[in-house]
Number of protein chains: 2
Amino acid sequence: MGGVTQAPKDTLGQLLLELHVSGGQASRAALTDRLGCGRSVMGYLLGELADRSLVRIDRTGGKPGGGRPSHQVIIPPQAPTVVAAQIQPDGFTVATVGLGGKILSRSTLPLRSPQPSEALDELCELMNSHVEPNVLGFGVAVPSPVRADGYAPAALHLGWPGLHLQQLLEEHLRLPVSIANDANLAALAEHRHGAGRGSHQLLYLTTGNVGLGGGVVTDGRLFLGAHGYAIEPGHITVDPGGASCPCGSTGCLEVEADHRALLRLLGVDVPLRSVAARIESLLAEPTPEVLEAVHRVNTRLAIGLGSLANIVDADRIVLGGTLGVLYELEPDIVRGKLAERAFLADLAHVPITPGELADSVLLGAAELAFQPLLDDPRAFPAGR
Amino acid sequence: MGGVTQAPKDTLGQLLLELHVSGGQASRAALTDRLGCGRSVMGYLLGELADRSLVRIDRTGGKPGGGRPSHQVIIPPQAPTVVAAQIQPDGFTVATVGLGGKILSRSTLPLRSPQPSEALDELCELMNSHVEPNVLGFGVAVPSPVRADGYAPAALHLGWPGLHLQQLLEEHLRLPVSIANDANLAALAEHRHGAGRGSHQLLYLTTGNVGLGGGVVTDGRLFLGAHGYAIEPGHITVDPGGASCPCGSTGCLEVEADHRALLRLLGVDVPLRSVAARIESLLAEPTPEVLEAVHRVNTRLAIGLGSLANIVDADRIVLGGTLGVLYELEPDIVRGKLAERAFLADLAHVPITPGELADSVLLGAAELAFQPLLDDPRAFPAGR
DNA sequence: CTTGTTTGTGCAGTAGCTGTACAAAGGTAC
DNA sequence: GTACCTTTGTACAGCTACTGCACAAACAAG
């Protein structure tokens, strides 16, 4: 976990972050405004970034508007990039991502071996093949909780045992590696580049093929807790007398409201890897039975949302994946149940939106790898 | 809310905070160690603090130990103080508190009028009577959620309507006023001066006469959420089919596990203001019936703790007030149930301790008033 | 009285801003 | 086209909050 808890130390990091979340391009005047610094400071800071080939200044364009037109600040092609990887039950996705959050190239690899060591070898080979001279490091998203030291105690849905995943990967990769939980990273990505932009306290929930994960982003930083395990929304109790959960508890939100719960209500049984696809096809043209099952699941979700809202006090809630689709089938119901459970109106009157990013997890992994650069751009080679 | 979310901006604030949590006295060498700075920096910083009469250096004493004995750094009597106030259903407590967290004087006032405006007039008079030349400001703890702008939407147990409490108090007080929720402030106080010292992620729960509140302290800062309403542990759902709660929901932890819940199980009915006292007397020599009721309540509490642990990932859990007493009657039961509900062993294997402070709420209110000084000591008048 | 260890001090130096004055680049009015 | 306004970038001196180094002070052990 590469310092995601640390806020940028100085103004320079803030500037680079601002440019990064603006998609890699912004007018100099707008940046000065958003940083709240003087114009001369901006000149100094941009000089520092330019020394490190992190920005290029375009002195021509700019929209008029009365006075001298502002320069455009652009992240150039030779700026640093990172290699992001996503581990999924059925395979890997690897991508090269540039500052600004743009995916420059991507490749996928089906999981061929159930043995972690063999599978990781293949993953590392693919990741290494993405390395170019300007790659800073690797970020890896894992469908498992991840401890601050890089240990993944239980990639339940992969069938892997507890592994010192970061250490294992570092043995095969020659650049710095950071790893974290996939749902946490998706939350971070939606905050930086998606539906959570500008939020001060973002609550994010999502479902994959199985399980229900999420994350909280407070003032731009992932809420990681003491060990890195914070925000396991799938395992808050929504009904102590409910179904038993593989985690050992009963009535967890995950067993009551994830994709499998929905399929169970419908009496559908499909293999793990095609759960999400099946859900999607069912929701495309929902029958009355499907809608009723959706209603049951949404009701459970709203109970969980209520508990979370009372703890987190979010100013935005983003629902990733098909969770957003389920919500949009009956937003008023979910909002109503949330309002019942929320302790105060302010806790419930929060914008709820589906996620905006198709590759939130992958982009989040890239954010993880970019974080050291954003935290302290000056620590990176000043080059010519 | 006076900037409790802001970490000290500079090293000077960190130093003053370190001295503050050390009880107002520490050796210069120990401080240098804990700040991780050079000895010359410490000299410079102590000079800055001395210029502001915030410290006195005692060059004599010090324990030997091989080399030159280290000076003692002491907060002198003329250092700034604050006036802290606690609003309770049956009256007010007001105290003058010094740096280091020592209560210098205190007074109480029974609540004479059910009218907020009259009651607040009396409170302000008492608070003003505590003002001396070196008082920096006021901190007030309220048995209600408090919004970041000082609005208290529902002091349910006082019977007061929503009030712009901070504004109302400021009209009668001539020094800066900060207000916040009492349970949040108790959490902050236990972190700075009590059972939560040194914790990076503290989860605190407590009960008063009625209700169940708490707070989270992350890296030394109160977790306040988007509006200031974060961490209402009393209103997470522990049983959707459970008793209805005045908040409009059902099966809230508060109605299932607070003091009234315990008395309800025992068929005892006493007026609000004597609930806590009655609980205390019952627990002093518990009968088998009392123990059984305690068991029921502890079981509910553990369900809530499980949900909270899975979200917060604390490295310490502190139970304030009689919650700590209930826990200590059967710690293994609570720990066991928590382990069942926690998603991972690391989330449950957390030290659980009763609170250490008799006046946690009052001390927390003082912390609130001290915060601007700790955030930026240089902003306060230099020279003697 | 020497040696060793730990601690405080003086002072020159530096990074990272900050403010001010001014120049540049556009539009608009006449 | 020229004068004038607005907005923006630039140059440069100055400042604050550290940082590092060399050295002196205070004790204990021998």
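Because the structure is predicted, anything quoted here is derived from the model rather than measured. Residue numbering restarts at 1 for every chain, and letters A, B, ... go by the order of the sequence lines.
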Whole Å only: how far is the [atom1] atom of [X] from the [atom2] atom of [N]?
X	N	atom1	atom2	value
B:D51	D:dT16	CG	P	13 Å
B:L46	C:dG10	CG	C1'	16 Å
B:D33	C:dT7	CG	P	8 Å
B:M42	D:dG20	CE	C1'	16 Å
B:Y44	C:dA12	OH	C1'	15 Å
A:L35	C:dG16	CG	C1'	14 Å
B:L16	D:dA17	CG	P	15 Å
B:E48	D:dA17	CD	C1'	8 Å

Within residues 18-26 of chain A: residues closer than 4.0 Å to DNA chain D (heavy atoms): none

Under 4.0 Å protein heavy-atom contact, by nucleotide of nucleotides 2-13 of chain D - B base, S sugar-phosphate only: ----BBBBBB--

Check: [Y] main-chain N/O paired with [X] side-chain donor or acceptor under 3.5 Å:
X	Y	result
B:H193	B:G23	no
B:E190	B:L357	yes
B:R192	B:G364	no
B:N181	B:A141	no
B:R34	B:A29	no

From B:M42 atom CE to B:H71 atom NE2, the distance as rounded to the nearest 0.5 Å: 13.0 Å

Cationic N near anionic O, under 4.0 Å, B:D376 to B:R378: no

By salt bridge (Lys or Arg N to Asp or Glu O under 4.0 Å) - contacts of A:R56 (at least two apart): none

Stepwise side chain to side chain donor-acceptor pair (under 3.5 Å) check, A:D315 with A:H200: CA-CA 7 Å; A:D315 60 0; A:H200 294 285; 5.2 Å; no

